[in-house]
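Data first, discussion second: the structure below is written as structure tokens.
Quick caveat, the model's predicted, so the values are computed rather than measured. Atoms within each ligand, like the ligands themselves, are counted from 1 in listed order.
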Amino acid sequence: MKYYKEAITHPVFNYVTQAADQLGINAYVIGGFVRDFFLQRENTDLDIDIVAIGSGIELAKKTAELLPHHPKVQVFKSYGTAMLKAFDIEIEFVGARKESYAEDSRNPAVEPGSLQDDQNRRDFTINALALQLNQANFGLLLDPFNGLEDLQQKLIKTPLEPGITYSDDPLRMMRAIRFASQLNFKIETKSLDAISENYQRLKIVSKERLVSEFNKIMLTKKPSKGIKLMHSTNLLPLFLPELTQLQGIDEVEGQTHKDNFWHTLEVVDNISRETNNLWLRWAALLHDIGKAPTKKFNKKNGWIFHGHEFIGAKMVYKLFKRLKMPLNDKMKYVQKLVLLSSRPIAIVDEEVTDSAVRRLIFDAGDYLEDLMILCEADITTKNPARFKRYHNNFKKVRKKIKEVEERDHIRNFQPPVSGSEIMQTFDLKPCKEIGIIKNTIKEAILDGDIPNEYEAAKKLMFRKAEELGLVNNNIDV
Ligand code: ATP
Ligand code: MG
């Protein structure tokens, strides 16, 4: 019998102990909290899971009563769980239960059970560790599956037969890979085989849950580890077929192209060393997806992927929609980075005009820095001389951008003559001529035909208006 009182010094446990003892039921802290204590892991998602041998909802209510600020208890009756917030931490309460699963659903039928029943239904041995909270046995470790040893061995293992655990709730396949990536653990062979056998069952898991686990993989230090595991177990084509379609090298007349799937994984790892921005990492993941549908070979140019950025950006929308990810500004950000992903390389050339640079600054706007990070991460050549040359090229691009920007202030640029001024000057209601004039001014500035200044823009406005047959009603001008 081992006690780990030092794991449960957080003030909230004191109240749970009192509540459980007053109700005369056994209570335990279980799961991630206990695991992370033994791993000495800082967990930013920290929450506390309490299991009661009896009603979790009653225990939550009693705990709330005893806590000085009497927090609100959120009850999820159909799940038999309750949640309250104390000391800025979410604390989940559940009654110990036995579960049985139907073939087509990952929502089990449940009935009250013992602590051991509850530990049996947990996903991994390392997530089934429990510490007792009752005063009489405060800190007692209950570890029926040797989870502690698996923590030391860095092993992901299921409490029951892995085939049953994964088939019951296929989300656990993603969770296994997610924990393996986050903790840098190995999934035991038996378990890995069971995932490969049950991969088709991923289909019954909601997209939201899959995305949430996948995003955790994307936020690890080296996302390729998790993605490769998804690939080798066959989960990846179910979740992101666009990505696996990039795999393979074709050869025509002795000419090959690079394998864009493995290349992409390297790009994702590269960018993950530079940024924790999940969406920039997603942009790296998807930057080449347009290459599968656009791939062509012609004698003159060899392998080409004409317009893959444009097609790729369209695919981003469809992919987000399919995965039920919000179609918000994050999606637009990823889309835009994919669309612009080849542009910086096009202005590497010494001879490139300021106008091309201005256009890139204008098109990328606030995303320009992220776009440059993406382009640099895209360099995966193994040839050291080339590697250096490509990086130097981007250094030059950054310099050019800086020079042009300091001079022309193009980023977030608004044409110096506004739509309402055009309307007023020519006494117009909203109409397409206004857009034409505004666009002419914008184009002229980006091309460098006129400076980014009010007077010059106004002059051009009059010239273009005359061409369009508009009459100036403002007699002062
Ligand atoms: P983290 O909070 O760092 O993601 P965690 O282990 O706390 O890790 P949660 O999703 O918060 O993960 O779940 C809490 C606990 O509930 C887990 O430790 C595990 O015991 C159990 N659990 C969660 N999801 C499942 C599942 N799909 N199948 C079985 N047990 C699960
Ligand atoms: Mg948790």
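If you check which protein heavy atom lies closest to atom 16 (O) of ligand 1, you get Arg122 NH1, 3.2 Å. The nearest heavy-atom contact from the protein to atom 28 (N) of ligand 1 is Arg172 NE, 2.7 Å. Of all protein heavy atoms, the one lying nearest to atom 3 (O) of ligand 1 is Asn43 ND2, 2.9 Å. The nearest protein atom to atom 23 (C) of ligand 1, hydrogens excluded, is given as Arg175 NH2, 3.2 Å; this is a heavy-atom distance. Atom 8 (O) of ligand 1 has as its closest protein heavy atom Arg35 NH2, 3.3 Å. Among all non-hydrogen protein atoms, the one lying nearest atom 14 (C) of ligand 1 is Asp49 OD2, 3.3 Å. The nearest protein atom to atom 2 (O) of ligand 1, hydrogens excluded, is given as Asp47 OD1, 3.8 Å; this is a heavy-atom distance.
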Verdict with reasoning, Tyr28 to Asp118, per side chain to side chain donor-acceptor pair (under 3.5 Å): CA-CA 11 Å; Tyr28 306 83; Asp118 201 88; over 6 Å; no
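Only the side chain of Arg178 comes within 4.0 Å of ligand 1, counting heavy atoms alone; its backbone N, CA, C and O stay farther away. Under 4.0 angstrom from ligand 1, there are no non-hydrogen atoms of Leu46. Here Phe179 has side-chain heavy atoms under 4.0 Å from ligand 1, and that is the only part of it that gets that close. Contacts of Arg121 with ligand 1, taken as heavy-atom pairs under 4.0 Å, involve the backbone alone. Both the backbone and the side chain of Asp123 come within 4.0 Å of ligand 1, judged by heavy-atom distances.
The closest donor-acceptor contact from the side chain of Asp21 to the backbone of Gln135 lies under 3.5 Å. Counting only distance, with no hydrogens or angles, the side chain of Lys62 and the backbone of Gln18 share no donor-acceptor pair below 3.5 Å.
Remark: the Ser114 side chain and the Asp117 side chain contain an N/O donor-acceptor pair separated by less than 3.5 Å. Side chains of Lys225 and Asn184: a donor-acceptor N/O pair is present below 3.5 angstrom, by distance only.
Checked by distance only, ligand 1 and Gly32 come closer than 3.5 Å through their nitrogen or oxygen atoms. Backbone and side-chain nitrogen or oxygen atoms of Asp169 are examined, and one is located within less than 3.5 angstrom of a nitrogen or oxygen of ligand 1. Here's the thing with Asp36: none of its N/O atoms is less than 3.5 angstrom from an N/O atom of ligand 1.
With salt bridges taken as basic N to acidic carboxylate O contacts below 4.0 Å, none links Lys324 and Glu208. In this structure, Lys382 pairs ionically with Glu266, as a charged nitrogen and a carboxylate oxygen lie closer than 4.0 Å. A salt bridge does not link Lys291 with Glu242: none of the charged nitrogens is closer than 4.0 Å to a carboxylate oxygen. With respect to the salt-bridge test (charged N to carboxylate O, under 4.0 angstrom), the residues Lys395 and Glu376 do not qualify.
The two residues Gly302 and Gln255 have their closest heavy-atom pair at CA-OE1, 3.7 Å.
The aromatic rings of His231 and Trp262 sit perpendicular, their planes meeting at an angle over 60°, well past the 30° parallel limit.
Residue-ligand proximity, Gly31 to ligand 1, at heavy-atom distances under 4.0 Å covers atoms 18 (O).
The shortest heavy-atom distance from Lys216 to ligand 1 is under 4.0 Å.
Here Asp47 reaches the Mg ion (ligand 2): one of its N/O/S atoms is less than 2.8 Å from the metal.
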